[in-house]
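Before any comments, here is the structure.
A quick note: this is a predicted structure, and the numbers were derived from the prediction, not measured. The figures that follow rest on heavy atoms only: side chains count, while hydrogens, waters and symmetry mates do not.
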Amino acid sequence: MRALAWLLTTATALAATLAARLRDDDPERGDVPGWVMITVMTAALVLAILVPFREAIVSAVQNALASVTTGG
């Protein structure tokens, strides 16, 4: 649930930043809406993968680290 709260907070901050940038008529501002969409979609994909498979991911990483640190 903390990850979801972080995602919502981040999305809100990004939306506020985007709104501020869109009010400015700077032709050099770039593709801000595209970057915001990419950032939010990436965060959503990470959460979509992490939430159901968290235990498996943690276990796999712990096993990998244990095999490297113990030498086999």
Please find the pair of heavy atoms, one from Ile38 and one from Thr42, that lie closest to each other, and give the distance. O-OG1, 2.7 Å
Can a donor-acceptor pair be found, under 3.5 Å and without considering hydrogens, that links the side chain of Ser59 to the backbone of Glu55? no
Spacing of Thr70 atom OG1 and Leu65 atom CG [to the nearest 0.5 Å]: 10.5 Å
Hydrophobic clusters here meaning ILVMFWY residues chained together by side-chain heavy-atom distances under 4.5 Å, can you tell me if Phe53 and Leu50 are in one? yes
